[in-house]
Each structure stands twice: as structure tokens, then as C-alpha cells.
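Structure, as C-alpha cells:
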2 protein chains.
Amino acid sequence: MSIKLDDKHKALIEKIGIAHEEKGLQPVAGRILGLLYVSPRPELTFDEIRETLNISKSATSTALNLLMHIGHIDYTTFSGNRKRYFRLKVGNWRDLIQGEIEKVIKMSHVLKEVLAVRGDETPTFNCSIEEFADFMQFMHKEFPVLLQRWEQTKNKE
Amino acid sequence: MSIKLDDKHKALIEKIGIAHEEKGLQPVAGRILGLLYVSPRPELTFDEIRETLNISKSATSTALNLLMHIGHIDYTTFSGNRKRYFRLKVGNWRDLIQGEIEKVIKMSHVLKEVLAVRGDETPTFNCSIEEFADFMQFMHKEFPVLLQRWEQTKNKE
DNA sequence: ATATTGGTTCTTAAATTTTAGAACTAAAAG
DNA sequence: CTTTTAGTTCTAAAATTTAAGAACCAATAT
């Protein structure tokens with residue numbers, strides 16, 4: 001059974017798909033995320049996804065496993081039903097953003113390595129690199145504080 | 001004239017290259033960034049880059065133009081010398097990070113579009129999406145404050 | 001004017017990624 | 001135990017990306 005969607009929904013799926021492609025996901029994986037965002041029912045089976053997006057079983061399987069691997073989706077099951085119901089782990093957005101911040105800290109470590117191999121002949125240049133690295137570490141340290149501050153303004157409303 | 005580099009430097013170039021590939025750059029462009037980070041002389045000519053990295057003129061030209069286009073590098077010239085001396089715009093890191101933040105705000109707008117097409121049948125799901133979008137906008141708003149706070153702690157030292 | 005330097009652009013080859021199709025498997029249903 | 005369901009895995013075709021090679025061009029030097 002494929003999910004019926006109007007043109008607005010379909011356009012939005014592509015938009016979300018492309019946004020995720022830009023971050024390095026394969027097109028099919030991006031579209032699956034798009035579908036799971038706009039689908040009226042937020043838990044869809046393998047075949048609903050496959051048929052709605054007109055993709056092969058192999059592409060569906062590979063993309064779903066990738067998305068589970070990187071923590072974007074998971075699935076539930078219901079007893080007496082062998083199907084898996086795939087869904088976005090949106091409640092998980094804090095961890096997803098935290099993951100991005102961890103990439104930033106990695107880059108700052110690489111920059112520190114750069115500083116270690118550079119001579120003292122280029123003080124201004126070195127100083128910019130150090131600033132960049134330091135700010136990344138500052139961001140990493142301050143992120144949990146920022147998140148907490150947001151949670152609080154949220155509660156006040 | 002190719003730049004002489006030891007194995008430590010070469011390994012670091014590849015590391016920086018791969019880090020940038022992961023963010024969507026082509027390998028050659030990533031390596032050029034790596035070279036410009038570790039090179040003892042921070043301003044290199046077209047041919048120094050080409051020869052040091054063993055890449056073709058076309059690949060060098062295309063990658064340099066791409067890197068200039070996305071604001072990662074620029075070049076100086078010296079009168080009486082037709083060569084361009086390419087260099088990292090590291091002093092520019094504030095703008096580069098700001099650019100990332102702008103991508104975040106775009107995603108939050110897409111999520112707001114998602115909310116606009118979703119019905120009220122999935123309140124918990126919708127609420128997570130809204131939180132995600134709101135936090136992104138909060139981050140965008142707070143980023144300049146964070147940066148300013150960092151500049152101040154910097155001055156105190 | 002002619003040659004050389006410092007690149008750019010066009011075409012194409014090679015590598016990589018992405019997806020489809022078909023064969024397969026494990027669990028459950030009949 | 002045979003069949004169906006729900007997917008997985010393997011192979012390979014198609015699409016895309018990446019980079020090389022060669023021809024080209026504009027500015028300077030001779």
C-alpha cells in the first residue's frame with residue numbers, strides 16, 4: 001500500500017531529501033527522511049516506503065539500514081505482525097546536534113596538530129589557526145550550557 | 001618548484017583533506033587546503049601547489065577556483081610578478097562558522113514548512129519537530145552572543 | 001612580432017556512487 | 001512441510017564525480 005500524497009507533500013520530500021544529500025546522504029536515504037517527516041502516519045513499513053517513493057527493495061533496504069546506523073531512524077514492531085514500522089528519531093535531535101559538535105571538536109584537534117608542526121615564522125597565520133581551534137573548543141564546552149538555557153526559556157512560557 | 005615536506009606534514013595534509021571531503025569537497029580541493037595549512041610558507045603559487053600535490057593543471061585550476069568561490073582561500077600578487085600567491089583565509093573563520101549557522105537556519109525553515117502541512121493527529125511527533133526547529137533558531141540568535149563572549153574571555157587573558 | 005608564462009576550458013577516461021533486479025534466507029502461516 | 005511474507009545480499013548497469021591531457025588564451029618578456 002503506497003501512501004497518497006499531494007504535490008505540496010511531494011515537493012517537500014524532495015526539498016528535505018536535497019537538504020540531506022548536501023550533508024552527504026544518498027538521494028534515496030534523504031527522500032526516506034523526507035517521507036517520514038511529512039507522512040500523516042509517522043510509522044511506515046518497508047513496503048509503504050518502497051512503493052510511495054518508487055524505489056527498489058535493495059535501495060530501500062540499504063538506505064534504511066544506513067539511516068538506522070547513523071541514528072536518524074529506528075522501528076517498532078507489533079505482536080502478531082512481522083512488519084517493522086520505521087520512524088524518525090526526531091525526539092533524538094539533541095543527540096544529532098551533539099554529534100555535529102563532536103565533529104567540530106575533531107577538527108579543532110587537527111588544527112592543534114597543524115600548530116604543532118608549524119614553525120614560528122608566521123605568527124599572524126598561526127594565531128588565526130589557534131583562535132579558530134580555541135573557539136571550536138569553546139563552542140563544544142558551551143553547547144550544553146546553551147541547550148540548558150534553551151530548555152529553561154522553554155519552560156517559562 | 002615543489003615544496004619539500006616530511007611524512008608528518010604529508011600525513012596531516014591527507015587528514016585535513018579527508019576531513020574536508022567528508023564535508024563535501026573534492027579530494028584535490030581538500031588536499032590543497034591541507035597543504036596551505038601545513039606549508040611553512042603560507043602563500044603558494046599555482047605551480048607550487050600543482051607540483052607538490054602531483055595534480056594536473058586542470059584539477060588545480062578547478063579546485064582553486066572552487067575554494068575561492070566558497071571563501072576558503074584568496075590570493076595576493078606582487079608587482080613585477082605575474083604569479084598569484086594563494087593562501088588560506090583563516091582570519092576569516094568567523095564568517096565560515098557563521099555560514100554553517102545559516103545552513104542551520106535554513107533547515108529550521110524547512111521544518112516549519114513540514115509543520116504547516118502536518119495534521120494535528122501526531123502531537124508528540126509534531127512537538128519534537130517544533131522543538132528541533134525552535135532550538136535551531138535559538139542557536140542562530142545566540143551565536144553572535146557566544147562569539148562575543150569568547151572574544152571577551154580572550155581579552156581578559 | 002614572437003615566445004614564454006600563468007593559467008583556463010574542453011573533452012574524455014577512470015573511479016566511485018547509486019540503484020535496480022534477481023536470487024536468496026529466515027520466520028511465520030497455512 | 002510447503003508457502004508466503006519481510007526483508008537481505010549479490011551482481012551489475014547507469015549515473016555522477018573526479019581528474020587528466022591537450023588545446024587554448026591573455027598578458028608580459030624578449
Side-chain angles (χ1 to χ4, degrees), chain A residues 1-3 13-14 16-36 43-70 72-87, chain B residues 1-3 13-14 16-36 43-70 72-87:
Chain A
M1 270 327 126
S2 99
I3 305 293
I13 289 174
E14 295 305 311
I16 296 168
I18 288 172
H20 283 94
E21 271 183 68
E22 282 169 7
K23 293 183 178 173
L25 277 190
Q26 343 161 287
V28 166
R31 276 189 205 109
I32 290 177
L33 290 181
L35 172 57
L36 291 174
E43 296 181 347
L44 302 181
T45 67
F46 188 100
D47 270 317
E48 283 171 335
I49 293 168
R50 199 182 67 67
E51 288 174 33
T52 306
L53 297 178
N54 278 299
I55 51 182
S56 69
K57 288 175 87 176
S58 57
T60 309
S61 175
T62 308
L64 285 174
N65 285 321
L66 168 67
L67 290 172
M68 285 195 284
H69 197 75
I70 62 178
H72 266 83
I73 64 172
D74 63 1
Y75 62 84
T76 7
T77 47
F78 298 98
S79 67
N81 183 346
R82 213 136 55 88
K83 286 184 182 113
R84 285 137 95 180
Y85 288 80
F86 295 95
R87 61 188 182 193
Chain B
M1 270 324 126
S2 100
I3 305 292
I13 289 174
E14 294 306 310
I16 296 168
I18 288 171
H20 284 93
E21 272 183 68
E22 282 169 7
K23 293 184 177 172
L25 277 190
Q26 343 161 288
V28 166
R31 275 188 207 111
I32 291 177
L33 291 181
L35 172 57
L36 292 174
E43 297 181 345
L44 301 182
T45 67
F46 188 97
D47 270 317
E48 283 171 336
I49 293 167
R50 198 182 68 66
E51 287 175 33
T52 306
L53 297 177
N54 278 299
I55 52 182
S56 69
K57 288 174 88 177
S58 57
T60 309
S61 176
T62 307
L64 285 174
N65 285 320
L66 168 67
L67 290 172
M68 285 196 285
H69 198 73
I70 61 179
H72 265 84
I73 65 172
D74 63 2
Y75 62 85
T76 7
T77 47
F78 299 96
S79 69
N81 182 346
R82 219 143 44 92
K83 288 184 182 113
R84 285 136 97 183
Y85 287 80
F86 296 94
R87 59 186 182 195

Which is it for B/Val28 and B/Leu53 under the side-chain contact (heavy atoms from CB on, under 4.5 Å) test, yes or no, and what are the steps along the way? CA-CA 8 Å; B/Val28 166; B/Leu53 297 177; 5.7 Å; no

For B/Thr76, what residues pass the side-chain hydrogen bond (donor to acceptor under 3.5 Å, both in side chains) criterion, not counting sequence neighbours? B/Arg87

Looking only at non-hydrogen atoms, find the nearest pair between B/Leu44 and B/Glu48 and report the distance. CA-OE1, 3.3 Å

Within residues 52-68 of chain A, find the residues that approach DNA chain D with a heavy atom at under 4.0 Å, and present them sorted by residue number. A/Lys57, A/Ser58, A/Ser61, A/Asn65

Take the protein atom CD1 of B/Ile49 and the nucleotide atom C1' of C/dG6, then report the distance between them rounded to whole Å. 13 Å

Can you name the closest pair of heavy atoms from A/Ile13 and A/Arg31 and give their distance? CG2-O, 3.6 Å

A/His20 NE2 to C/dT18 P: how many Å, rounded? 15 Å

side-chain hydrogen bond (donor to acceptor under 3.5 Å, both in side chains) partners of B/Glu51, counting only residues at least two apart: none

Set of side-chain hydrogen bond (donor to acceptor under 3.5 Å, both in side chains) partners for B/Asn54, sequence neighbours left out: none

Could you tell me how far apart B/Phe46 (CZ) and D/dA27 (C1') are, to the nearest whole angstrom? 16 Å

Could you give the side-chain donor-acceptor pairs of residues 55-70 of chain A under 3.5 Å, partners two or more places apart or in another chain?
| unit_1 | atom_1 | unit_2 | atom_2 | d |
| --- | --- | --- | --- | --- |
| A/Ser56 | OG | A/Ser58 | OG | 3.1 |
| A/Ser56 | OG | A/Ala59 | N | 3.1 |
| A/Thr60 | OG1 | A/Ser56 | O | 2.6 |
| A/Thr62 | OG1 | A/Ser58 | O | 2.8 |
| A/Asn65 | ND2 | A/Ser61 | O | 3.1 |

Which pairs pass side chain to side chain donor-acceptor pair (under 3.5 Å) with one or both residues in residues 21-30 of chain A, sequence neighbours excluded? none

Just to confirm, is there a sub-4.0 Å distance from OP1 or OP2 of D/dA6 to any side-chain nitrogen or oxygen of A/Arg84? no

What's the NZ-P distance between B/Lys83 and D/dA27, to the nearest Å? 19 Å

Does a side-chain N or O of B/Arg50 approach OP1 or OP2 of C/dT8 to a distance below 4.0 Å, or not? no

Tell me, for nucleotides 25-30 of chain C in 5' to 3' order, what letter each nucleotide earns: B for a base near a protein heavy atom under 4.0 Å, S for only sugar-phosphate near one, - for neither? -BBS--

Suppose we screen for ring-ring contact (aromatic ring centres under 6.0 Å, His included). Which residues come up paired with A/Phe46, at least two apart in sequence or across chains? none

Grab the two heavy atoms, one from B/Thr45 and one from B/Lys83, that are nearest each other, plus how far apart they are. CG2-CD, 3.5 Å

Using a strict heavy-atom distance below 4.0 Å, which residues from residues 21-31 of chain A are in contact with DNA chain D? none

Could you tell me how far apart B/Glu51 (CD) and C/dG6 (P) are, to the nearest whole angstrom? 11 Å

4.5 Å side-chain heavy-atom contact, B/Leu33 and B/Ile73: yes

Rounding to an integer number of Å, can you tell me how far B/His69 NE2 sits from C/dT8 C1'? 16 Å

